[in-house]
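Scroll down for the structure; my scribbles are underneath it.
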Protein chains: 2
Amino acid sequence: MSSKNRLSPGDTIGILGGGQLGRMLAQSAASLGLKAHIFCPDPDSPAFDVSAGFTVAPYDDISALDRFAAAVSVVTYEFENVPGPTAAHLDAKVPVRPGVRALQVAQDRLSEKQFLTEAGVTIAGFAKVDSQEDLETALTAFDGKGVLKTRRFGYDGKGQLMIRGREDAAGAFEKIGAVPAVLEDLISFECEVSVIVARDLDGTCASYDIARNHHENHILKTSTVPAGVSGETTASARAMAERIVTGLDYVGVMGVEMFLVRDGAGERLLVNEIAPRVHNSGHWTQDACLTSQFDQHIRAVAGWPLGSAERHSDAVMENLIGFEADGWRAVLEDPAARLHLYGKSQTRAGRKMGHVNRISQKTV
Amino acid sequence: MSSKNRLSPGDTIGILGGGQLGRMLAQSAASLGLKAHIFCPDPDSPAFDVSAGFTVAPYDDISALDRFAAAVSVVTYEFENVPGPTAAHLDAKVPVRPGVRALQVAQDRLSEKQFLTEAGVTIAGFAKVDSQEDLETALTAFDGKGVLKTRRFGYDGKGQLMIRGREDAAGAFEKIGAVPAVLEDLISFECEVSVIVARDLDGTCASYDIARNHHENHILKTSTVPAGVSGETTASARAMAERIVTGLDYVGVMGVEMFLVRDGAGERLLVNEIAPRVHNSGHWTQDACLTSQFDQHIRAVAGWPLGSAERHSDAVMENLIGFEADGWRAVLEDPAARLHLYGKSQTRAGRKMGHVNRISQKTV
C-alpha cells in the first residue's frame with residue numbers, strides 16, 4: 001500500500017464470498033488495476049474464474065483466514081452474514097470494509113431498526129418478539145396485523161410470516177422457528193424503492209438515482225430507473241441513505257430498501273432494511289452510469305475517491321432466475337439489452353443466474 | 001457447444017495473447033457467461049488474472065497447442081502477428097476466428113494493400129520495394145516522397161521511414177533492414193480516423209461511429225467521438241469497413257485505420273491499414289456504448305448475434321503510456337472519467353499501462 005489504509009494499483013483486495021456479487025466486484029477491481037483474492041468455502045464459486053487468487057476454506061478456518069489476511073491489503077465481503085468472529089479476526093490484521101459495525105447492525109433486524117431510529121430516518125413501527133405472548137401484545141398495538149420476521153438470517157422472503165388476522169397469528173412464533181424475532185407494522189405501500197449509496201474513507205457520500213423494485217415470489221425481478229417519484233422524494237431518499245452510512249462510519253456501497261407510501265398526505269418513504277454491500281437493485285448502474293456500484297465499492301474500500309454517481313441513460317434491470325437464463329439468446333437479439341451471466345455451473349429454480357440491463361435515452 | 005460452431009454459456013473461448021487486449025476480451029467473455037483460456041508465452045501476462053484458465057508456452061509448442069485446442073470451443077487472438085503455422089495447426093482442430101485468411105492478409109502490407117484494392121476501397125498509392133533500386137523507381141512515380149514500410153512486423157511506427165527527398169532516400173532500404181517493403185505515397189491528411197467494425201457468423205455487420213485519432217511518438221494518444229466529419233464521410237467509412245470484413249469472410253471485430261483528406265474536392269478517406277482484432281482506437285466503446293468492442297468480438301467469435309453498436313454518449317479515450325499511469329489518482333478525481341488499468345507489473349516508457357474514457361452528453 002502506498003500509504004496507510006489506501007491501496008495502489010497492483011495491490012490486492014480480499015473478498016469474502018464467491019457468488020455473483022463477489023465476481024462482479026472482482027471484475028471491477030481488475031478494471032481498476034487491482035487484484036482480487038476470493039475467500040469462499042464453495043470450491044465451485046463463480047468468482048474464482050475472474051480473480052487473480054482464491055482460497056477455498058470454511059469461514060472459521062483460522063489458519064486459512066490468517067494466510068488470506070497476509071495476502072491482501074484490505075478485506076471486503078459480498079454478503080451480510082459474514083460470521084462475526086470471522087470479521088473480528090480479520091479486522092485485527094487488515095482493514096475490513098465497509099466495517100464490522102455495519103455487519104453487526106445488519107445481521108440483526110432489531111439492532112438495525114434501533115440504529116435506523118437513532119439515525120433519524122423514518123421506518124415502519126416495530127416490536128421485539130421473543131415469544132408468542134410478545135407477538136400477541138405487539139399485534140394489539142398494530143391493529144392485529146404485521147409481518148413477523150426472524151432477527152437473523154432472513155433473505156428473499158425466507159424467515160418471515162405475514163399476519164393479517166387472528167388465524168395467522170395462532171402459533172406464528174413457533175412457525176418461524178421460535179427464534180428471536182421482530183413484528184413490523186404492516187404498511188400499505190405502493191412499491192419498494194432502493195437507493196445505492198456509497199461513502200469513502202474521507203466521509204464523502206455519493207448516491208445513485210433511486211430505483212423502483214418489483215418482486216416475484218419474494219425475489220427481486222426488476223429495478224427501474226427513473227423510479228417515477230417526485231424530486232423531493234428522491235432527495236429525501238438520498239438524504240436518509242447518506243445519514244445511514246455516515247452514522248455507521250461506513251466505507252463502501254450500501255443498498256437501502258424503502259417502502260414508497262402514497263396517501264392523502266402525499267408521497268413518503270419508510271426505510272425497510274439495509275444491505276451492507278453491493279445490491280441486486282443496483283445492477284442497472286453497470287450500464288446506465290459511468291461508475292457502476294461495483295467500481296464504486298472497490299474505489300471506496302481501496303481508500304480511493306468515489307466516482308460520479310450520475311446516470312447517462314434510463315434503465316430497467318431484469319433478473320434471470322433459474323431456467324429464465326435459458327432465454328439468453330433472445331436477450332442477445334434485443335438491441336437495447338446487455339446480457340450479464342454469472343458463470344454458474346448448475347441452473348436451479350430460484351437461483352440468480354444472471355441479469356439483463358435494458359437502457360434507453362435519459363428522460364428525467 | 002450447443003450446435004456446430006456456436007457456443008453456449010459455460011463454454012470456453014481460447015485467446016492467443018495475454019496482453020491488455022486479451023485481458024479485456026477475457027473480461028467480456030466472463031460477463032457473457034463464457035470462460036476464457038489464455039495462451040501466452042509470457043508467464044507474467046496481465047490477462048491471466050481475469051481468466052478461468054491459461055497456458056504458458058511458446059506459440060510453436062505443438063503439444064501445448066493441442067491441449068489448448070482440446071480445452072476450448074473456439075480460438076481467437078489479440079494480435080495480428082500470430083505465427084501462420086500456429087493458426088493453421090489450431091484451425092485444423094477448432095474454429096479460429098476472425099480467421100486464418102485475415103491473419104495472412106494483415107501480416108503482410110503488400111497482401112493487405114492488394115486485398116484492399118480488390119475489395120474496392122480507396123487507399124493511398126503504393127509500390128512493392130525489394131531493393132534500393134525498386135525504391136528509387138517508386139519514388140520517381142511519387143514525386144520523390146513517400147513512407148517506406150517493412151511488409152511484416154511493423155507497429156506503433158516501428159519498421160517505417162519517412163522519405164521527404166533525396167537525402168532521406170539514400171540508403172533507406174538498408175536502414176529498414178533490407179527486408180521486403182512497400183513504399184506508400186505520402187498523403188497530406190488532416191488526421192487519422194478509424195472505424196471499429198464487426199461481422200458475425202451469418203454475415204451481418206455492425207460498425208461503430210468513427211473516431212478521430214491523435215498520435216504522439218507514433219503511438220495512439222487519444223481517440224475522439226464524434227470525429228467531426230460529415231455524415232457522408234461517416235457513411236463512406238462504415239461502408240468501406242463493412243466491405244473489407246465481408247471480403248475476408250471475417251468473424252469478429254476489426255479496426256480499420258483511415259486517413260481523412262480535406263482539399264478543394266471536399267472530404268474523403270483513404271484506408272491506411274487494418275487490424276484483424278479489437279483495436280486501441282475502439283476502447284471508447286467500453287463506456288459510450290451498451291456493447292463494447294470487446295463484448296462485440298466475443299459475441300461474434302462465439303457464433304452469437306452482434307449487439308447494438310449505437311453510442312449513448314460522446315467520448316474521448318486517452319491512453320496512459322509508461323509513467324503517465326502514475327497519474328491514476330488525478331483521473332479518479334475527474335467525475336467525467338473512467339479509469340482502466342491493465343494490471344501490468346512493470347511500468348516502462350512507451351508501454352501501454354491503461355487508458356481513460358471521458359464521456360459527456362451525446363451531441364450528434
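The shown structure was predicted, so the numbers you read here are calculated from the model rather than taken from an experiment. Residue numbering restarts at 1 for every chain, and letters A, B, ... go by the order of the sequence lines.
What you find for B/P335 and A/S308 is that their closest heavy atoms are O-CB, 3.4 Å. A/R23 and B/A30 get closest at one heavy-atom pair: NH2-O, 2.6 Å.
Top candidate by heavy-atom pairs under 4.5 Å with chain B, chosen from A/P305, A/S51, A/A336, is A/P305. Counting heavy-atom pairs closer than 4.5 Å to chain B, the top residue among A/A309, A/P9, A/P46 is A/P9. Counting heavy-atom pairs closer than 4.5 Å to chain B, the top-ranked of the candidates A/G343, A/A26, A/A337, A/G53 is A/A337.
Heavy-atom neighbours of B/Q346 CD from other residues, nucleotides or ligands within 6.0 Å: at or below the threshold of 12.
To the nearest 0.5 Å, atoms CG (B/L290) and CD1 (A/I359) are separated by 4.5 Å. Expressed to the nearest 0.5 Å, how far OG of A/S31 lies from CD of B/Q286 amounts to 7.5 Å. For the atom pair CG of B/L34 and CG of A/D49, the computed distance is 11.0 Å after rounding to the nearest 0.5 Å. B/L341 CG to A/S8 OG: the interatomic distance, rounded to the nearest 0.5 Å, is 11.0 Å.
Heavy atoms closer than 4.5 Å to chain A are found nowhere in B/T291, neither backbone nor side chain. Contacts between B/H312 and chain A at a heavy-atom distance below 4.5 Å involve the side chain alone, from C-beta outward. For a residue to count as touching a neighbouring chain, one of its non-hydrogen atoms must lie under 4.5 Å from one of that chain's; by this rule B/A325 does not touch chain A. Only the side chain of B/D295 comes within contact range of chain A, judged by heavy atoms closer than 4.5 Å. Contact of B/A36 with chain A is not made at all, since no heavy-atom distance falls under 4.5 Å.
At least one donor-acceptor pair under 3.5 Å links the side chain of A/R299 to the backbone N or O of B/L332. The main-chain N or O of A/W304 is never found under 3.5 Å from a side-chain atom of B/R329 such that the two would form a donor-acceptor pair. No donor-acceptor pair under 3.5 Å is formed between the side chain of A/R338 and the backbone N or O of B/G307.
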